[in-house]
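Side-chain atoms are counted along with the backbone in the values below, which use heavy atoms only and exclude waters and symmetry mates. In this chain, numbering begins with 1 at the start of the sequence shown.
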Amino acid sequence: MAAAILKSRNLPGVEVKSAGIYAMPGQPMSANAQAALQKHHIDHDHISQPVNIEELQSSHLILTMTGGHKEALLQVYPQMADKTFTLKEYVLDRDEDVIDPFGGDLDTYLTTFEELNNLIDVLEKKLLEE
């Protein structure tokens, strides 16, 4: 959902890509994630893809949703440490995770959507200042 929210902002000079550490290639977004986005009028056709070195190398900034994701990524790609942060670490300078709605009901996804939307408000300001 974070990628969809950020993409919907259409920020100049910002290209948003999404990949997962444990992603199974070709899987659609969960129905509840799609419903949460649709409720907020964000269209997004997401097909999962695993992280790959080429995308990481070409990225200016790599944001993960949790410290565990960041740690797992850096175990495989330690050379990406200088540009890899959790979302909350990057925008709030706090070592906290975004709520993971995986397997939850729609209300759980909507709660995560609101959290992400607020964090991306701050991220947007930060990216536009760079």
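- Note that OG1 of Thr112 and CG of Asp100 are 7.5 Å apart. Values are rounded to the nearest 0.5 Å.
- No donor-acceptor distance shorter than 3.5 angstrom exists from the side chain of Lys39 to the backbone of Leu110, with no hydrogens or angles considered.
- Judged as a side-chain contact (heavy atoms from CB on, under 4.5 Å), and not counting sequence neighbours, Asp95 has no contacts.
- With rounding to the nearest 0.5 angstrom, the CD atom of Glu15 is 11.5 Å from the CG atom of Leu6.
- Contact detail for Ala2 and Ile120: the closest heavy-atom pair is O-CD1, 3.4 Å.
- No donor-acceptor distance shorter than 3.5 angstrom exists from the side chain of Lys88 to the backbone of Leu119, with no hydrogens or angles considered.
- Listed by chain and number, the residues in a side-chain contact (heavy atoms from CB on, under 4.5 Å) with Asp97 are Thr66 (sequence neighbours excluded).
- Dense packing is recorded around CG of Asn52, with more than 12 heavy atoms of other residues, nucleotides or ligands lying under 6.0 Å away.
- Side chain of Lys126 to backbone of Val91: no donor-acceptor contact under 3.5 angstrom is found.
- Note on ring orientation: taking the six-membered ring where Trp is involved, the planes of Phe113 and His40 are parallel (angle under 30°, cut-offs 30° and 60°).
- Atom CG of Asp43 is separated from atom NZ of Lys7 by 12.5 Å, given to the nearest 0.5 angstrom.
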Next item on the list: Go through the steps to decide whether Val14 and His60 satisfy the test side chain to side chain contact (heavy atoms under 4.5 Å, CB included), and finish with yes or no.
Entry: CA-CA 10 Å; Val14 176; His60 169 72; over 6 Å; no
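- By the side chain to side chain donor-acceptor pair (under 3.5 Å) test, Asp45 is found to be paired with no residue, residues two or more places apart in sequence or in another chain being considered.
- Among all heavy-atom pairs drawn from Tyr109 and Gly103, the shortest one is OH-N, 3.6 Å.
- Put simply, the side chain of Val51 reaches to within 4.5 Å of the side chain of Tyr77, judged on heavy atoms.
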